[in-house]
Structure formats: structure tokens, C-alpha cells
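Taking it in order: structure first as C-alpha cells, then the write-up.
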Amino acid sequence: MSSLVDNLRSEFQAALTAATSVSAVKAVRDQFLSRKQGRVTALLKAVGAAPPDERKVLGAQANTLKQEIEAALDAREAALAATEAPSGALDLTLPGRVPVLGRRHPLTQVRERIEDIFLGMGYQVIDGPELEDDWHNFEALNMPQEHPARDMQDTLYLASPVRSEGPRVQGSEGPGVRRPDSPGRPATLLRTHTSGMQIRYMETHQPPVRIIAPGRVYRRDNFDATHTPMFTQVEGLVVDEGISLGDLKGTLNAFAERFFGRPLRTRFRPSFFPYTEPSAELDVECQGCGGKGCALCKQTGWIEVLGCGMVHPAVFEAVGYDADRYTGFAFGVGIERLALRLYGVEDIRMFYENDLRFLTQVAL
Ligand code: DAH
């Protein structure tokens, strides 16, 4: 009978060694100690049925075994519980989850880059309405009603009239000027360029003027690789006594160098805008080929960057500036066009499709 006790002890040892988890230890406990089917429970019952002379010794042996088993199970369970993480607990060794950071849209980045350059040269950044009237968008810019230059831009007109406002200047609120709409004219339109901001600013401020005005503009264009009916420009205007073409060239050369991040060749090509005289377009040496000619610059070696010129005296007259005393220069940059060049993007529509695969790739 005592060999029965020894057999059970070694069976228990084997079962305990094989139990490597808390739940496995529990199963072993059931197997040996459960009240109904436990192996030790059965042994104790068998002791009761043994002949009286053996009963005392056997009983003592069986009880000792039971205590040994209980102690071994408790120890083992405690040891395993200490190493096993309870379900749902924090695992501090896991690598952290990196949050997905948003980023500024590439067109915003280009606009801010332009703003930073001009802020560094002492310009103020101003903002104004996208709904515009005929006076600010055309007439005061030396484009009277039948002027052929109006056809350069396909205008989107609105039915209801809009009230004129003064420009909003960052930091200081300029007073608004109200100008009655001329009778018989289409009163309200979506501005086709930011040049109207020149007028709005000069109507409410006296020289010296040194401003840029970024913003959305609208034209009746269909979507294709190089056109969208809405796009973004930055207008620039400098007016003071003695401002010369040399100031224009120096300023815009400095801008181009800072924008593209290195010294590069530029050229001012004669052009025409009704609100400047003389007018020019600024080209910079192509980024893709360094001026040798490639697909990006259509083999010309040059990339067109902006339109500019010396403010036309008729514009000064329209805003009540003394054209004999003051001179100035103006320019208009297309942000999308610059962004296309800077990022080597081939289709302008990419900037408006909000495809994260595209947006997360382009960064300055
Ligand atoms: N308004 C012109 C455009 O939309 C750009 C421009 C050209 C602005 C010459 C100017 C300028 O201020 O002087 O294409």
C-alpha cells in the first residue's frame, strides 16, 4: 500500500513538472485534489478501507503526501503567476505607436515660403476679398470696359452686387472704402487675379507701400494638367518716391535666389500688362537641366516665374496718388506654377485631389 503512495507522489511530480502555466497547474490540482475525482482524495478513501493495523501508518503517509502536493502546487502557481502577464495588462516593453502627424499642404508651404522671404525684406502681408467688383479687378487697373486685355482672363460673374471693402492688413485693420458700383456693369465677380489688392491697399493707405497679398483667384477654365478654375497667386506692390526698375530687378532676383535656395541666372523678358509700364516676365534658369534644355522647360532652358512691371501712372491716378511724385513696381506670382516646378509635379490637379499618398510625399 505504501508503494501506492510513492507511485502517486512520482506521478504528481511528473504532472507538476509538465505544467508550465497557471491554468495547467490548476488542472493538476483538480486531477489530484478535487473532492470528487481527485487521486489523493481517492487514496484517503482507500485508507479508510484498509485493515486497522495498516490504517494509521498509511493514513499518516497519505496526509503527508496531500500536504506536500498542496504546498508544491501553491508554490508553483505563485511562481508562474509572477511571470505571466494578466490578460489586458500593459506590456511596457512594446514599441510605442507613432501618431500619424498631419502636415501643411504643399501649396500652403510654398505660400509661406514666399511670405517669409518678403517679410524678411520688410513687406506686410495683406488679405482681401475673393468676391470682387469691376473697379478693383479691372477698371482701376487701367482696363476700362471695352479694353481687350479683359479677354486675357475669362471671368466668372455673379448675379448679386457685392459691397466693397478695404483690405485687411495683418496686425492693423485698415479702414474700408466704399465705392459705388457703376451703373450698367456686372457688379460682382470672382477675382481673376490678386492685382485688385493693389487698388484696395492704395485706396486706404498712403505711400510708402510695401505689401504682398496672397490669395485664391478664379477663371473660367476647364481642368487639365496645367489649369484649374481656381488657383493661388501672390501679388506684390512697392510704391515710394524714387522707386526704379533697378529696385524691381534687385528685389525679384533676391526673391528667386531665396526661393530656389541657390544663386541662379534670371532674365526679364518684355511683356504686356495694362497696369504696368514697362511690363516684364521673370524667367529663371531651369531647375531640371541647369539651363541646357529639358522636358521640364520645353528645351528652352528657362522657367517662367512671374509677371511684373513699373506701376502705370493711370493706376496711381485711379487711387489718387500723385503720379509725378511716386513711382512703384508690382508683381504677381502663381503659387501652383512654382509648386509644380519646385516639386517636379506634372499635373496641377494633384494639388487638389487630397490623395494622401501624394500629399505625404511632397515636402520642402
Ligand atoms: N495679374 C497678372 C496675372 O494674373 C500677374 C501680374 C503681372 C501681376 C504683372 C502684377 C504685374 O502685379 O505687375 O497674370
Side-chain angles (χ1 to χ4, degrees), residues 111 114 118 123-126 128-130 132 134-143 147-156 167 189-203 209-221 226-240 243-253 255-256 266-284 303-316 318-319 321 323 326-338 340 348:
R111 173 172 57 73
I114 297 170
F118 283 103
Y123 286 59
Q124 243 184 326
V125 182
I126 66 160
E130 291 171 24
E132 192 49 286
D134 193 79
W135 169 258
H136 292 98
N137 199 76
F138 293 123
E139 186 111 17
L141 287 163
N142 198 26
M143 282 182 277
H147 197 289
R150 289 189 176 213
D151 298 341
M152 284 163 74
Q153 301 167 352
D154 271 326
T155 311
L156 289 156
L189 50 89
L190 285 166
R191 65 178 177 191
T192 57
H193 54 182
T194 45
S195 300
M197 289 308 298
Q198 295 183 32
I199 307 303
R200 287 186 176 275
Y201 191 82
M202 288 190 284
E203 279 176 340
V209 172
R210 200 175 283 119
I211 54 144
I212 57 166
R216 294 193 178 105
V217 301
Y218 302 82
R219 292 188 195 171
R220 206 146 45 81
D221 276 327
T226 52
H227 293 89
T228 47
M230 183 210 68
F231 58 101
T232 334
Q233 289 186 333
V234 179
E235 191 75 17
L237 176 68
V238 172
V239 183
D240 204 347
I243 298 291
S244 70
L245 191 63
D247 295 316
L248 177 154
K249 291 179 81 172
T251 303
L252 295 180
N253 278 335
F255 163 71
T266 60
R267 72 173 181 192
F268 289 84
R269 195 164 28 80
S271 184
F272 172 78
F273 301 101
Y275 29 92
T276 44
E277 179 58 37
S279 303
E281 269 162 89
L282 171 65
D283 294 345
V284 299
I303 298 287
E304 192 184 306
V305 171
L306 52 79
C308 58
M310 299 304 289
V311 180
H312 197 291
V315 174
F316 284 150
V319 298
Y321 276 17
Y326 295 113
T327 49
F329 66 82
F331 55 90
V333 191
I335 291 187
E336 282 78 0
R337 191 189 288 180
L338 276 187
L340 289 172
I348 193 173

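Computation of the quantities below employed the complete heavy-atom set of this structure, encompassing side-chain atoms and omitting hydrogens, waters and symmetry-equivalent molecules. Note that the numbering runs from 1 along the sequence shown for the chain. When a ligand or atom number is given, it counts from 1 through the structure's own listing order.
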Open item on the list: Atom CZ of residue position R216 - does it have more than 12 heavy atoms of other residues, nucleotides or ligands inside 6.0 Å?
Closed with: no
- [ ] Find out whether I335 and I114 are in side-chain contact, i.e. whether some heavy atom of one side chain is under 4.5 Å from a heavy atom of the other.
- [x] yes
TODO: Would you mind reporting whether F118 and T251 have side-chain heavy atoms less than 4.5 Å apart?
DONE: yes
Open item on the list: Please evaluate residues Y123 and V238 with respect to the criterion side-chain contact (heavy atoms from CB on, under 4.5 Å), reporting the C-alpha separation (whole Å), side-chain torsions for both, the decisive distance (0.1 Å), and the verdict.
Closed with: CA-CA 9 Å; Y123 286 59; V238 172; 3.1 Å; yes
Against heavy atoms of [X], which atoms of ligand 1 measure under 4.0 Å?
X	result
Q233	3 (C), 4 (O)
Q198	12 (O)
S195	1 (N), 8 (C)
G309	13 (O)
T276	13 (O)

Open item on the list: Less than 6.0 angstrom separating the ring centers of H193 and F273, yes or no?
Closed with: no
Tell me, which protein residue and heavy-atom name are nearest [atom], and how many Å apart are they?
atom	result
atom 5 (C) of ligand 1	G332 CA, 4.0 Å
atom 14 (O) of ligand 1	R219 NH2, 3.9 Å
atom 1 (N) of ligand 1	Y275 OH, 2.8 Å
atom 12 (O) of ligand 1	E235 OE2, 2.5 Å

Task: Given L252, L338, V284, the one that forms side-chain contact (heavy atoms from CB on, under 4.5 Å) with L306 - done: L252
Open item on the list: Exactly one of V239, V319, I126 should register a side-chain contact (heavy atoms from CB on, under 4.5 Å) with Y201. Which one does?
Closed with: I126
Open item on the list: What I want to know is whether A330 and ligand 1 share at least one N or O pair that is separated by under 3.5 angstrom.
Closed with: yes
